[in-house]
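Okay, so here's the structure we're looking at.
Just so it is clear: chains get the letters A, B, ... in the order the sequence lines come, proteins before strands, and each one is counted from 1. Below, each value reflects all heavy atoms present in this structure, side chains not excepted, and no hydrogens, waters or symmetry copies. Fair warning: this is a prediction, and the values are worked out from it, not measured in the lab.
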Amino acid sequence: MDIPKTYDKNRERGIYERWMEKGYFRADVSSDRTPYTIMIPPPNITAKLHMGHALNNTIQDILIRFKRMQGFEALWVPGTDHAAIATEVVVMKELAKQGITKDSLGREGFLEKLWEWNDIYGGEIINQLKKLGSSCDWDRQRFTMDDGLSDAVLEVFVRLYNEGLIYRGERLVNWCVKCGTSISDAEVEHEERQSHLWHFKYPVVGQEGSYISFATSRPETMLGDTAIAVNPKDERYAALVGKKAYIPMCNREIPIIADDYVDPEFGTGAVKITPAHDPNDFEVGLRHDLPRINMLNDDGTINKNGGAEYEGLARKDARKKITEKMTELGLFIKTVEITHSVGEHDRCGIIVEPLMKLQWFVKMEELAKPALDAYKNGKLKFNRERFGKIYSNWLENIRDWCISRQLWWGHRIPAYYCTNGHITVSKTTPEKCSTCGDTSLIQDPDVFDTWFSSALWPFSTLGWPGKTADLKKFYPTDVLVTDRGIIFHWVARMVFMGEKFMGELPFKDVFINGTVQDELGRKMSKSLGNGIDPLEIIDEFGADVLRLMLVSGNAVDNDTRFFRERLEPARNFLNKLWNATRFVMMNLEGLSAKDYASSDTPGVLIGFPVEDRWIASRLTRLTHEVTEKLEAHELGLAAQKIVDFVWDEFCDWYVEMVKPRLYGGKDGNIAAQESRNDAQFTLSLVLASVVRLLHPFTPFITEDLHIALCNAMGMPLTEGDDIASPTIMRSAWPFYRADEVDPEAEKCIERIKEAVRAVRAVRTEKQVPPSQKIAVQIIPADDESTALFEETKAAIALLCGAISVELTDTPPKNAVSVVVSGATIYLPLDSLVDAEKERARLSREQKKLQQEIARIDSKLSNEGFTAKAPEALIKAERDKRENYIAMLAKVESELEA
RNA sequence: GGGCGCAUAGCUCAGCUGGGAGAGCGCCUGCCUUACAAGCAGGAUGUCGGAGGUUCAAGUCCUUCUGCGCCCACCA
C-alpha cells in the first residue's frame, strides 16, 4: 500500500474546497433537528487576523463541529465589523502616507476609500478563517454595514427614540484643536509630563479678608469655574460650605460646595470646578446642578464667555495673563513642580482638550436591569465566575451610553434638523420637519458608536427586524465565545439589546477565552512587533497542528504563550495517529466489516480476546469523558484525553499486543484466523471512533483518515450514513456504551502491563540487548491469573522481547525473579545472574512493599478516616493492602529460596 | 485608588466538585524491534511561592504576606 510516512498538510486546501462544494457547512432552517447556534465575534476589518483570533475561532469551530456531529442543526454565522473609529484611523494613516487628508476627499470620497479597504481586509479575514478550517455557514456571512444590518441599526434607534430611551444632551468629548475633530479615548495617548501646580486663592464673598485656596494645573480654566468644592468631611472648610467665592477675572460669584470627589489630602483640599472642561468636574456639576460655561472655541482659543479681556487668546497666553492678573491681586500663592499624565492626540501630538458637544445618548437604567437580573438569577452564565463579576459590576455602575461619534465611517444617525431647531427622527430621509413642516432639513453628520451595531449582532444577522424563519429557528444562540476585553463593550450590550428587542437573552453561556501572548508572556502587539501571523504557521505546519496546539496544555480561560516549539508535540501526535492508521490499514486484508454486526449493536465484542474487550472498554470510557469535557467547554482536557488514549493505550499497548494475531497464521490454525479477524475489526472500529472524537480539534487530517478507514474496511460511503458518511463532519459522534465497559478486562490488561513493565525494567537493568531473546517463565498466583497469562502469552512475549513465555509451577534455576500482581516471573539469564545482587534487589522490593503496607495500615487504623472517608475509598485501600501482602509473601519466599 | 489573575519538575503548563504529585519539551541509558527516529524501551528530577487556619485528609477550601501580570478609574 502506498501511503506516505507523514501526513501532507497541503491536502487541507482541497479538503476545505470539497466541504464548500458539498455544502456541508450549511445549516438547514427547515430541518427538525435541535438548533445549535454560534455567532462569530465579528473581527474588525482594521487588519488581518492575529493569533488571538486563531484561538477564538478554533474554539468556536470545535464546539460547532462537535454539536453538528451530535446531530444538532449547527449554525455558525460568520462576518466582520466595520469598527468605525478604529478603521477610520487606520485608513487615515494610510492616506496620510500618500499625502491625502480626510477633508480633501470629502465625506463621499473618504467613504469610498473605506469601502475599498473593506473589500481588501474584510476579504482577507474571511480567507484566513477558511484556512483555519472554520466550518461557518458562508451563505449567511454578514457585515455590520451591509443593508440588512444597517436597517436593524436605524430601526433600533428610531424605536428607542420614540420610546424616550434616547435623548440628545451635552457631553465632554476629547477634542483636538488642531484637527478640529473629536477623537475617541483609543486615540488619546497618555504621556507623563513635567508640569506645574499653581496655588491660588479666591476671596470668600461677604467675609472680608477670608480666602479659600486651591491648586490647579490649568489656570486658564479659571474663566470657566462655576464652583469650589471641598470634601464634606473636611473640617477645615466646613464653615465655608454654602458660602460663595469670587472670581475677579470674571466678576463672578461661585458657590462653595461639598462633594466626596475631593481628596482632602491633595493640594489644599479645595478644588476649583470647571464642568465644561474637565470630565470629573462635569460629573460634579451634574450632581450639584452647576452651570457649564464653555470658554473655548473649537480652535482652542478663548471665546466670548471668557470675557473681553481674554477673548481670542491662545490657551498658553491666557494662562500667562491670568496668572499675572492673580499675582497682581495678591491671590497667587506658589507653584509646585509635578509630573502628571497628559492626553495627546496620537496623530498630531497636540494636547487633547475636553470640550462640550451635543451628543446622542441611550438611557441605560431601564435597559440594564434585565441584563443584570439575567446574570443574578443564573440564566446567563460565564465560564468563570470572575468574568461574571466584571459584567455585573459594570452594569451596576452603568451610565448613559453616548452613541454618537464625530466620524464618517459608520451608520449615520437618522436624525434631521430643521432651521427652527426641531428634530425629526426617521429611518428614511424625511421631506419635511415633523414639527413645523420646514423642508430644509439637515441630517446629523455623526455616526453611531460601532458597538451600537454590534450590540444587535445576535439577531440582526438572522434578518431582524424581519420576522424570518432563521430568527425563529436559530435565536437565541447557544454560546458566545469571546475575549475578556469586551465583556462590557459588547457582551453586556448584546444582552440588553437582545432582551429589549427579542424578549430573550441572545445566549445563555458566555465562554471567555484567554489571551495569546508571546514567548515572554507579553501581549502580542503591533508596536512591539512580536505578533505572529497565523497564516504563516498554517503554511508551515498546517491548520490542524495550530488548532491542536492552541487548545492543548492550557486551561482555555488562562492566557497562553505562543512559541514555535509548542507546535511540535501537536505535529508529532498527528504524525503518530497517521502512522497508526497506516499500520491498521496495512493489516486489514481479509477483513469484511459485513461479517460483523453493526458496531452500534450491543455485545458485538462478546467472545473477543481480552485485549479487544479492554481497548473497547477504554474507548467507551474515553468517549464519555471527551463528550463530558466538551459539554463543559474544557477543550484542553478533552484533547489531552484523546491524545493520551491514542498514544499510550492504543499505540503503545493495544497495537503491540495484537501484532501476534495479525502476523499470525504461522501455526496455520483456524482459531488464529478468527482471532485475526477480531483484531482487525477492533483495530478499525476503535480507530474510526477515536478519529471522530478528534475531528472537532483537527478537522482536516481526521477527514482523510475517516475516508481511508471506511474504504479499507469495505464500507461504501453513503450520504446520511452515521458512520460511513462521505464526510466525517456529518458522521455521528460516538456515544457511551455501558455494555462495553469491562472492568474485568481492564483489570486483566493492567496485570499484563505490570508484568511486561517489570520484565522490561529487568532487561534494562541487566543490560540485555533487544537482540538477545530470552525465555520467560511465569508462575501464576491463582487460577484466574493462569488463564489470563495463558491467553496472552504471545502478546507478552512480543511486548518484552522474549523468545517465548511459558507457564510453569517450578522456579527455574539461575533466574532473575520479579514479583508482580498475580504472578512471579522468572528470567533465566544464567551468566548475568549475580546471586548477591538479586538478593539486594529483592530486599529493596520487600522494603518497598512493607512501606506501602505500613502507609495503608496507618490510614486504615485512623478512626477518623474509616468513619468519615467514602466507602469506595476505604475498600480500594483494603484491596491494595491485600494485593501487597500477597506480593510481599512471594518476595519473601524468593528471598528464602 | 478599586477589581482580578498567576506562582506546581531545568522550561511551558495540566491538575473538574478536597482522598497516594502529572504531561510535553529538555536531560541520562539502551535501541534504525519492517506503522511511526516527528519513533520505541528504561530512568532521574518537586518542603505544589512563604506563614497561619479548617478537615480524618489540603496543590485543591479560608486568612495573611511576598513576587509577577492584567483590567477599570484617576492624580484637580
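The separation between R878(A) atom CZ and G19(B) atom P is 20 Å, rounded to whole Å. Atom CG of L197(A) is separated from atom P of C75(B) by 12 Å (rounded to the nearest Å). Atom CD in Q517(A) sits about 12 Å away from atom P in U12(B), given to the nearest Å. Between L799(A) atom CG and G42(B) atom P there is a gap of 10 Å when expressed in whole angstrom units. One can place CG of N587(A) at 12 Å from P of C36(B), the figure rounded to the nearest angstrom. In this structure, D557(A) atom CG and G5(B) atom C1' are separated by 10 Å, rounded to whole Å. To the nearest angstrom, C1' of U34(B) lies 17 Å from CE of M585(A). Atoms CG (N579(A)) and P (U34(B)) sit 14 Å apart, rounded to a whole Å.
Closest to the K576(A) side chain, of the nucleotides C13(B), C40(B), C72(B), is C40(B). In the set A35(B), U12(B), C71(B), U12(B) carries the atom at the smallest distance from any side-chain atom of R561(A). Checking A35(B), G19(B), C71(B) against every side-chain atom of K659(A), the shortest atom distance belongs to A35(B). Among A41(B), C6(B), U55(B), the nucleotide with an atom closest to any side-chain atom of K868(A) is U55(B). Nearest to the side chain of Y884(A), among G20(B), G42(B), G15(B), sits G20(B). Comparing U12(B), G15(B), G42(B) by their closest approach to the side chain of R757(A) singles out G42(B).
Note on F573(A): nothing from the nucleic acid sits closer than 4.0 angstrom, heavy atoms only. Looking at heavy-atom distances under 4.0 Å, R571(A) makes contact with a base. When heavy atoms are screened at a 4.0 angstrom cut-off, V643(A) is found touching no nucleic acid atom at all. Residue contacts shown for T274(A) are absent, as no nucleic acid heavy atom lies under 4.0 Å away. Looking at heavy-atom distances under 4.0 Å, P870(A) makes contact with a base. In this structure, E625(A) reaches neither bases nor backbone, as no heavy-atom distance under 4.0 Å exists between it and the strands shown. Here D652(A) lies in heavy-atom contact (under 4.0 Å) with sugar-phosphate atoms only. Using a 4.0 Å heavy-atom cutoff across all strands shown, L637(A) reaches sugar-phosphate atoms only and no base atom. Counting non-hydrogen atoms under 4.0 angstrom, D559(A) reaches nothing in the nucleic acid.
One N or O donor and one acceptor, one from the side chain of R855(A) and one from the base of G20(B), sit under 3.5 Å apart. Applying the 3.5 Å distance criterion, the base of G20(B) shares a donor-acceptor pair with the side chain of K880(A). Judged by atom type and distance alone, E656(A) does not reach the base of A41(B) through any side-chain donor-acceptor pair under 3.5 Å. Between the side chain of K859(A) and the base of C56(B), no donor-acceptor pair under 3.5 Å is found.
The C1' atoms of A21(B) and A44(B) are separated by 16 Å, rounded to the nearest whole Å. A35(B) sits 25 Å from U29(B) when the C1' atoms are compared, rounded to a whole Å. Annotation: A51(B) and A14(B) have their C1' atoms spaced 27 Å apart (nearest Å). The separation of A73(B) from G3(B), taken at their P atoms, amounts to 15 Å, rounded to a whole angstrom. Between the C1' atoms of C25(B) and A38(B), the separation comes to 13 Å (whole Å).
Evaluation of the salt bridge (Lys or Arg N to Asp or Glu O under 4.0 Å) rule for K837(A) yields no partner, not counting sequence neighbours. Residues passing the side-chain hydrogen bond (donor to acceptor under 3.5 Å, both in side chains) test with D518(A), sequence neighbours excluded: R522(A), N530(A).
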Reading nucleotides 21-26 of chain B 5' to 3', which nucleotides get B (base under 4.0 Å from a protein heavy atom), which S (sugar-phosphate only), which -? ---S--

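Residues P219(A) and R319(A) approach most closely at CD-NE, 3.7 Å, considering heavy atoms.
Each of E852(A) and R566(A) has a nearest nucleotide on RNA chain B; the 5'-most of these lies closest to R566(A).
Less than 4.0 Å separates RNA chain B from at least one heavy atom of each of the following residues of residues 384-392 of chain A: R386(A).
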Output a table of donor-acceptor pairs, distance under 3.5 Å, between side-chain atoms of residues 482-490 of chain A and any protein atom two or more places apart or on a different chain; print 'none' if there are none.
from    : atom 1 : to      : atom 2 : distance (Å)
D483(A) : OD1    : G485(A) : N      : 2.8
R484(A) : NH2    : D559(A) : OD1    : 2.5
R484(A) : NH2    : D559(A) : OD2    : 3.2
W490(A) : NE1    : S454(A) : O      : 2.8

Any chance you could encode RNA chain B as dot-bracket? Rule is Watson-Crick or G-U wobble with both distances under 3.5 Å; [ ] for pairs crossing earlier ones, | for another strand. (((((((..((((.....[..)))).(((((.......))))).....(((((..]....))))))))))))....

